Amino acid sequence: MEVAGSGLVGPVLAWYDAHARDLPWRRASASAWSVLVSEFMLQQTPVSRVLPVHEAWLARWPTPADLAAEPAGEAVRAWGRLGYPRRALRLHGAATAIRDRHGGAVPAEYDDLRALPGVGDYTAAAVAAFAHGRRHAVLDTNVRRVLARAVSGVEFPPRSVTRAERDVAEALLPADPPTAATWSVAVMELGALVCTADRPRCGSCPVGPACAWNTAGRPAYDGPPRPVQTYAGTDRQCRGRLLAVLRDAAGAVPESRLATAWDDEVQRRRCLESLLADGLAVRTGAGIALP
DNA sequence: CATGCGTGGGC
DNA sequence: TGCCCAAGCAT
């Protein structure tokens with residue numbers, strides 16, 4: 001019952017055993033909560049920036065109930081400059097749901113995890129596998145890129161996850177649940193350290209000749225161009241500036257003070273309203289504050 | 001299903 | 001120097 005690329009698993013597991021980074025949320029002593037927090041923080045944010053915030057977060061809130069006991073604004077403040085602060089709000093919401101619906105314990109079932117705010121397919125599978133040893137295919141951007149290259153022979157995966165990708169991931173997933181979980185983290189690590197988006201280190205890749213893309217001579221990507229993400233001058237940047245003022249203030253700030261953070265008044269007002277609508281800020285008698 | 005949502009580092 | 005990204009999610 002061979003599938004294309006089935007020769008990947010052994011070499012990747014051996015490589016991971018020798019090259020895995022020692023990350024706090026991967027240690028045997030790490031709680032499921034530590035894993036969940038790391039997965040929220042790692043959504044679109046590099047490991048190096050997550051490390052210090054994750055450490056401080058777990059020290060302050062060792063359990064979901066500890067976080068749920070505080071106002072959501074404290075989560076937004078502690079999130080600091082990790083970016084996409086709605087994740088902080090959702091993590092607080094997840095902690096509250098875990099306390100109220102799961103007796104304070106991070107659930108192990110995919111469906112229960114998936115129902116938490118801020119938890120999509122990837123995070124639910126990752127927490128089920130990495131925190132609880134469940135057998136789930138974990139399809140993140142790293143895994144998708146590795147499989148696109150090694151199995152499909154193309155440089156980059158499709159824009160969104162396809163049925164074909166899921167079938168490949170399922171076919172490769174080892175039958176033994178703990179081994180499946182290790183395989184998943186191992187192939188992610190390979191994508192993060194070796195099979196990178198740009199300048200992949202094929203010379204030191206354990207997959208070697210089993211990689212269809214490398215064997216084919218690493219043909220250039222010929223799919224649709226990926227959209228470039230602009231930032232300067234966007235509402236995202238404006239919202240970030242406004243929220244930074246709120247984070248750095250002890251309490252509410254007068255709305256006039258937000259003007260110092262962004263010149264364009266029309267855009268500034270629009271962004272403030274969107275922050276209020278998102279629940280990242282609230283109006284009080286004294287001005288604008290974190291929730 | 002395409003789009004909006006932060007931030008800082010590497011080349 | 002700009003440009004491109006880095007363990008996604010919700011709508």
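Keep in mind the model is a prediction, meaning the values are calculated, not measured. In what follows, chains carry the letters A, B, and so on, assigned in the order in which the sequence lines appear, proteins first and then strands, with residues in each chain numbered from 1.
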Exercise. Counting only heavy atoms not in Asp248(A), do more than 12 fall under 6.0 Å of its CG?
Worked result: yes
For this session: For Gln43(A) and Arg90(A), test the side chains for any donor-to-acceptor distance below 3.5 angstrom and give the result as yes or no.
Result: no
For this session: Could you check whether Leu23(A) gets within reach of a base, just the sugar-phosphate, or nothing at all, counting any heavy atom under 4.0 Å?
Result: base
Problem set entry | Test: Arg114(A) and Asp121(A) ion pair at under 4.0 Å | no
Exercise. At what distance, to the nearest 0.5 angstrom, does CD of Glu109(A) lie from NE2 of His132(A)?
Worked result: 9.0 Å
For this session: Name the nucleic acid region contacted by Arg144(A), choosing base, sugar-phosphate or nothing; use a 4.0 angstrom heavy-atom cut-off, strictly under.
Result: nothing
For this session: May I ask you to say what Val143(A) touches in the nucleic acid, namely base, sugar-phosphate or nothing, with a heavy-atom cut-off under 4.0 Å?
Result: nothing
Exercise. Any chain of hydrophobic side-chain contacts (each under 4.5 Å) joining Leu290(A) to Leu272(A)?
Worked result: yes
For this session: Output yes when at least one side-chain N/O atom of Arg81(A) is less than 4.0 Å from OP1 or OP2 of dG8(B), else no.
Result: yes
Seminar exercise, completed: On a heavy-atom basis, the closest approach of Leu276(A) and Ala281(A) is CD2-O, 3.3 Å
For this session: For Thr123(A), report the nucleic acid contact type (base, sugar-phosphate, nothing); a contact means any heavy atom under 4.0 Å.
Result: sugar-phosphate
For this session: Could you tell me whether Glu273(A) and Arg269(A) have a side-chain N and a carboxylate O separated by less than 4.0 Å?
Result: no
Exercise. Rounded to the Å, how far apart are Gln44(A) CD and dG4(B) P?
Worked result: 15 Å
Exercise. Checking all strands, does Arg21(A) fall into the base, sugar-phosphate, or nothing category for heavy-atom contacts under 4.0 angstrom?
Worked result: base
Seminar exercise, completed: By nearest-nucleotide position on DNA chain C, the 5'-leaning member of Gln43(A) and Ala197(A) is Ala197(A)
Problem set entry | P atoms of dC11(B) and dA7(C), separation to the nearest Å | 16 Å
Exercise. Trp79(A) near the nucleic acid: base, sugar-phosphate alone, or nothing, with a heavy-atom cut-off under 4.0 Å?
Worked result: nothing
Exercise. Of all nucleotides in DNA chain C with an atom under 4.0 Å from a non-hydrogen atom of chain A, which is the first and which the last going 5' to 3'?
Worked result: dC4(C) to dA10(C)
Exercise. Taking CZ from Arg199(A) and P from dC11(B), how many angstroms apart are they, rounded to a whole number?
Worked result: 7 Å
For this session: Please test Arg77(A) against Glu70(A) for salt bridge (Lys or Arg N to Asp or Glu O under 4.0 Å), starting from the C-alpha separation and ending with a verdict.
Result: CA-CA 12 Å; Arg77(A) 195 189 306 278; Glu70(A) 296 224 34; over 6 Å; no
Exercise. Touch check for Thr45(A), heavy atoms < 4.0 angstrom, all strands: base, sugar-phosphate only, or nothing?
Worked result: base
For this session: For dC9(C) and dG8(B), measure between their P atoms and round to the nearest Å.
Result: 23 Å
Exercise. Of Leu116(A) and Arg26(A), whose closest DNA chain C nucleotide lies nearer the 5' terminus?
Worked result: Arg26(A)
Problem set entry | Protein-nucleotide distance (Gln237(A), atom CD; dT7(B), atom C1'), rounded to Å | 10 Å
Exercise. In whole Å, what is the span from the CG atom of Leu275(A) to the C1' atom of dG6(B)?
Worked result: 11 Å
Exercise. Within less than 4.0 Å of OP1 or OP2 of dG6(B), is there a side-chain N or O belonging to Tyr231(A)?
Worked result: no
For this session: Let me know the distance between CZ of Arg159(A) and P of dT3(B), rounded to the nearest Å.
Result: 8 Å
Problem set entry | dC5(C) to dG6(B) separation - C1' atoms, rounded to the nearest Å | 13 Å
Exercise. In whole Å, what separates the C1' atom of dG8(C) from that of dC1(B)?
Worked result: 15 Å
For this session: Could you tell me the separation between the CG atom of Leu82(A) and the P atom of dG8(B), rounded to a whole number of Å?
Result: 10 Å
Seminar exercise, completed: Comparing nearest nucleotides in DNA chain B, the 5'-proximal residue of the pair Arg236(A), Ser48(A) is Arg236(A)
Exercise. Which comes earlier along DNA chain B counting from the 5' end, the contact point of Asp235(A) or that of Pro46(A), where each point is its nearest nucleotide?
Worked result: Asp235(A)
Exercise. Base, sugar-phosphate, or nothing for Asp121(A), non-hydrogen atoms under 4.0 angstrom?
Worked result: sugar-phosphate
For this session: Verify the neighbour count for atom CZ of Arg21(A): are there more than 12 heavy atoms of other residues, nucleotides or ligands below 6.0 Å?
Result: yes
For this session: Measure the distance from CZ on Arg49(A) to C1' on dG6(B) and round it to the nearest whole Å.
Result: 8 Å
Exercise. Can you tell me how far P of dG9(B) sits from CG of Asp198(A), to the nearest Å?
Worked result: 17 Å
